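In the text below, chain A, chain B and the rest are named by the order of the sequence lines, each starting its count at 1. Computed from a predicted model, the values in this text were never measured in an experiment.
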Amino acid sequence: MADRAADVRVRDFKEVDLGMTVDEAIAEAERCLQCKKPLCVAGCPVCIDIPGFIAEVAEGNFRKAAAIVKEQNMLPAICGRVCPQETQCEGVCILGKKETAIRIGALERFVADWEQQNGLVSPEKAEPTGKRVAVVGSGPAGITAAAELARAGHAVTIFESLHEAGGVLTYGIPAFRLPKEIVKTEIDQVLEMGVGLKKNYLVGRSLSAADLLKYDAVFLATGAGLPSFMGIPGENLPGVYSANEFLTRVNLMHADRFPVFDTPVKHGARVAVVGGGNVAMDAARVARRLGAKVTLIYRRREEDMPARLAEVHHAKEEGIEFATCTNPTRIIGDQFVTGIECVKMTMCKLDASGRPSPQEEKGSEFTLDVDMVIIAIGTSPNPLLVSLIPGLERTRKGNVVVDENGKTSIPHVYAGGDIATGAATVIEAMGTAKKAAAAINRMLREE
Amino acid sequence: MTRLYTVNTASEIAERIYEFWIRAPQVARNARAGQFLILRIDEQGERIPLTISAVNGDAVRVVFMAVGKTTQHLATLKAGDALADVVGPLGKPSEIENFGTACVVGGGAGIACLPIIARELKEAGNHVIGIIGARNAGLLILEDEMREICDELFITTDDGSKGFHGYAADVLKRELDHRTIDRVWIIGPAIMMKVTSAATVPYGVKTFVSLNPIMVDGTGMCGSCRVTVGGETKFACVDGPEFDAHQVDFVELMQRQRIYTDQEKAAVERFAEHTCRCGEGGHHHG
Ligand SMILES: Cc1cc2nc3c(=O)[nH]c(=O)nc-3n(C[C@H](O)[C@H](O)[C@H](O)COP(=O)(O)OP(=O)(O)OC[C@H]3O[C@@H](n4cnc5c(N)ncnc54)[C@H](O)[C@@H]3O)c2cc1C
Ligand SMILES: Cc1cc2nc3c(=O)[nH]c(=O)nc-3n(C[C@H](O)[C@H](O)[C@H](O)COP(=O)(O)OP(=O)(O)OC[C@H]3O[C@@H](n4cnc5c(N)ncnc54)[C@H](O)[C@@H]3O)c2cc1C
Ligand code: SF4
Ligand code: FES
């Protein structure tokens, strides 16, 4: 499996990772030990029959392999590209102890891409039940729940506030990591199961909370879209973006192609990105593709970064500079950003989560000259709709409180994905959505 | 593609100011005073916010000034044309109660936002004073409608071509001097809102302004619309767009409105060069 050369790929938004060839996939699949008690499956948040599908790949039965993956995961081309496999299935694969773990993610992607090119496997649907379910939000959680509920025979409508479906998959993750046609094909296959999609509907405003609650069941999947800022001076200066704004302008509104597309975005010459997660890596690499020299500022060490290993590696290859153990204290500028003042951090004692906690080093202040700053330090649950539903219990941080089945404090209302867990991953969002869909299904059948 | 959002009527009501009625049932059904919508003309378009100025059946009225690329493009649309997207109503509704006497003040295209607020204030039992101002008589919009809704209506023009010769702020001050006004709304360009709302400070009258920062999603997801109010960062699209005028950092607002000045200029020039997008895989309307 090959990546496109770094100096070529930073000039466009085409996919970085080229995927496996048929021969590579078969050879990799043949390495699998077909464990009796496969640890990989236990490590997968949606419990894909991993040895099962790998065995079919080894035999060259790619369609059968796709069908096995799809029993548990309707979005394999997406998951195969963006899941943090190293901490999930691949992280626990028995082969990882001695040699290298099976490249399960790459195989999943291979199977899904093969399927997209050779005709999709469509799942069977149960008889119509006559029940109506509303799904709010069309990110991975909403799409997954909608697919499961449609399979069970319910009439499902997804409401989405933006003009495109997909949530973070569409507006957040850049095309060089997740091509938009791939996202669209996987979402369309769910819509083709008879799921309705109402775009341009901000639920709570375009549809009142009271009207929403008239559905037989409701699944809230509005994500964690509210960007956090640091609260340091200068953050509202022109030239300071939240990662969400910067990525949305480029991914959803195509501002990289301004003026053919009407939405503008600034192209900084020297850009600072603050953060160390996937979002920060994506923002940095997009800014790089818009022509900037990029410095990533992160307050802990590189090994503490929450981003996927592959993305850290890709970012470095693309020439992103890492300023680790560094914390911004002030953004400088008059009409526009001209610099960012930082302080070095030393890693002292371990905090409650076992990570070393950073402390400011006295007298280590320095200034980076930049003309643009992107803040990627996290997001919190989107408060709009959930604050309009009376009696809906939420945590202090704003997450909707759910039980192990995704059930909220209000009858018939379930929630999953980032709105319930806080910012997490695609596959975790899908896992919670599947549990909730199963519970909704049980509830609707019992009535 | 189904044409969900059609322009029902389109007309120029003053120089470069247009009134459109747009079919958008889910917006019309729920719209309240103070709220706005976001529209996108076509697949290449940007999302622009416009205040909801009136509602009738499944259509809403917007009034806009053709300033840059998108509003100039919008101005070329005719009855029967379709828009790619309309989402709304967005933002918090105005805080309407029976305050006693309420005053709504509008400048330029900002006058468009007043009728729906004035109407709701009237329905809540207020005595409603309207003050509408423009650079000259030709730029004054919705005068008849405002006269019909308000108990009293004052008109001002910068050049004296109609009504009071001067600014809306002058008339507001004059009225505050000799009577009690319990609530004031001021809507117009940022600089007009800044100056006019300064007039109510000495009288301690609670005053609202409707802020117009640059927006993208309008749902609280991007932070483009952040404004400083009372020292705190707020997102105008979900926390506003109306805020306590005396707490707003107008200087920052105006600075942030200018972020894309260079690009906007380039876009307008390009739009003037070829209003038709043929050859670019673009679309033709009409
Ligand atoms: C830049 C970026 C990169 C990431 N990279 C990775 C990665 O590599 N791997 C990984 O596993 N995870 C990654 N993540 C995290 C992952 O994308 C999220 O955890 C996941 O998308 C959450 O899914 P969700 O369905 O809960 O919410 P979202 O994807 O956030 O979708 C929520 C949807 O609801 C809509 N909505 C919100 N409110 C309303 C309303 N009131 N009415 C109607 N619609 C509404 C929103 O517009 C949105 O479309 C990344 C996140 C970001 C931002
Ligand atoms: C809540 C709200 C309600 C509004 N209501 C009205 C209205 O009723 N009538 C009206 O004429 N105008 C209204 N505006 C302003 C209107 O959105 C802008 O005039 C329009 O976006 C300009 O687009 P353009 O491409 O034609 O001009 P541009 O050349 O892009 O910009 C001209 C100026 O418009 C502002 N602007 C640009 N893009 C945006 C954007 N996406 N969002 C907000 N402002 C922007 C900037 O200050 C800019 O300097 C409102 C703005 C907001 C935020
Ligand atoms: S743990 Fe590794 S070797 Fe065992 S079945 Fe899973 S992928 Fe194959
Ligand atoms: S416009 Fe994006 S948060 Fe307000």
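Residues B/Pro93 and A/Arg205 have side chains in contact (heavy-atom distance under 4.5 Å, counting atoms from C-beta outward). Between B/Glu43 and A/Phe261, the closest side-chain pair of non-hydrogen atoms is not below 4.5 Å. Here the side chains of A/Leu237 and B/Gln255 are in contact, with some heavy-atom distance below 4.5 Å. At a threshold of 4.5 Å between non-hydrogen side-chain atoms, the residues A/Leu226 and B/Phe235 count as touching. Residues A/Val240 and B/Arg256 form no side-chain contact, since every pair of their non-hydrogen atoms from C-beta on lies 4.5 Å or further apart. Inter-residue side-chain proximity for B/Thr233 and A/Glu235 is flagged as unmet; no heavy-atom pair is nearer than 4.5 Å. Using a 4.5 Å heavy-atom cutoff, the side chains of B/Asp217 and A/Leu162 are in contact. In this structure the side chain of A/Pro238 never reaches within 4.5 angstrom of the side chain of B/Tyr260, judged on heavy atoms.
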Exercise for review: For the pair A/Glu164 and B/Asp85, evaluate side-chain contact (heavy atoms from CB on, under 4.5 Å) and give the outcome as yes or no after the intermediate values.
Suggested key: CA-CA 10 Å; A/Glu164 295 280 1; B/Asp85 303 289; over 6 Å; no
**Study point:** Candidate pair B/Thr219 and A/Leu384, rule side-chain contact (heavy atoms from CB on, under 4.5 Å), full reasoning
**Key:** CA-CA 8 Å; B/Thr219 69; A/Leu384 178 80; 5.9 Å; no
Check your understanding: Would B/Arg47 and A/Thr263 satisfy side-chain contact (heavy atoms from CB on, under 4.5 Å), going step by step from the backbone distance to the final call?
Key -> CA-CA 8 Å; B/Arg47 299 166 61 95; A/Thr263 305; over 6 Å; no
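Taking chain A as the reference chain and counting heavy-atom pairs below 4.5 Å, the highest number among B/Ala267, B/Gly91, B/Ala266 is found for B/Gly91. When the candidates A/Asp211, A/Asn244, A/Asn236 are compared by the number of heavy-atom contacts under 4.5 Å with chain B, A/Asn236 comes out ahead. Of the listed residues A/Arg257, A/Lys199, A/Gln335, the one with more heavy-atom pairs under 4.5 angstrom with chain B than any other is A/Gln335. Of the listed residues B/Arg32, B/Arg29, B/Arg40, the one with more heavy-atom pairs under 4.5 angstrom with chain A than any other is B/Arg40. With chain A as the partner, the residue from B/Asp262, B/Val27, B/Val86, B/Ile38 showing the most heavy-atom pairs under 4.5 Å is B/Val86.
Looking at A/Arg249, only its side chain comes within 4.5 Å of chain B, counting heavy atoms on both sides. Contacts of B/Ile48 with chain A are absent, with no heavy-atom separation under 4.5 Å from either backbone or side chain. In this structure, the portion of A/Thr248 lying under 4.5 Å from any heavy atom of chain B is its side chain and not its backbone. Using a 4.5 Å cut-off between heavy atoms, A/Ile375 makes no contact with chain B at all. For A/Phe246, no part lies under 4.5 angstrom from a heavy atom of chain B. The parts of A/His163 that come within reach of chain B are both its backbone and its side chain, each placing non-hydrogen atoms under 4.5 angstrom from that chain. Neither the backbone nor the side chain of A/Lys198 has a heavy atom closer than 4.5 Å to any heavy atom of chain B. For A/Asn382, the part lying near chain B is the side chain, with the backbone staying farther off; criterion is any non-hydrogen pair under 4.5 Å. The contact between B/Val216 and chain A is made entirely by side chain atoms (from C-beta outward), counting heavy-atom distances below 4.5 Å.
Rounding to the nearest 0.5 Å places CG of A/Asn200 at 10.5 Å from CG of B/Leu83. Considering CG of A/Leu252 and CE of B/Met221, their distance stands at 7.0 Å, rounded to 0.5 Å. For the atom pair B/Arg258 CZ and A/Phe336 CZ, the distance stands at 11.5 Å (nearest 0.5 Å). How far CD of B/Gln44 is from NE2 of A/His254: 9.5 Å, rounded to the nearest 0.5 Å. Between B/Leu90 atom CG and A/Leu202 atom CG the span is 6.0 Å, to the nearest 0.5 Å. Taking CZ from A/Phe258 and CD from B/Gln263, the interatomic distance works out to 5.5 Å, rounded to the nearest 0.5 Å.
Although no hydrogens or angles enter the test, the distance criterion places a donor-acceptor pair under 3.5 Å between the side chain of A/Ser206 and the main chain of B/Gly88.
The number of heavy atoms from other shown groups lying within 6.0 Å of CD (B/Gln247) is above 12. Within a 6.0 Å radius of NZ in A/Lys266, other residues, nucleotides and ligands contribute more than 12 heavy atoms.
Neither side chain, A/Ser208 nor B/Asn30, offers a donor N or O lying under 3.5 Å from an acceptor on the other.
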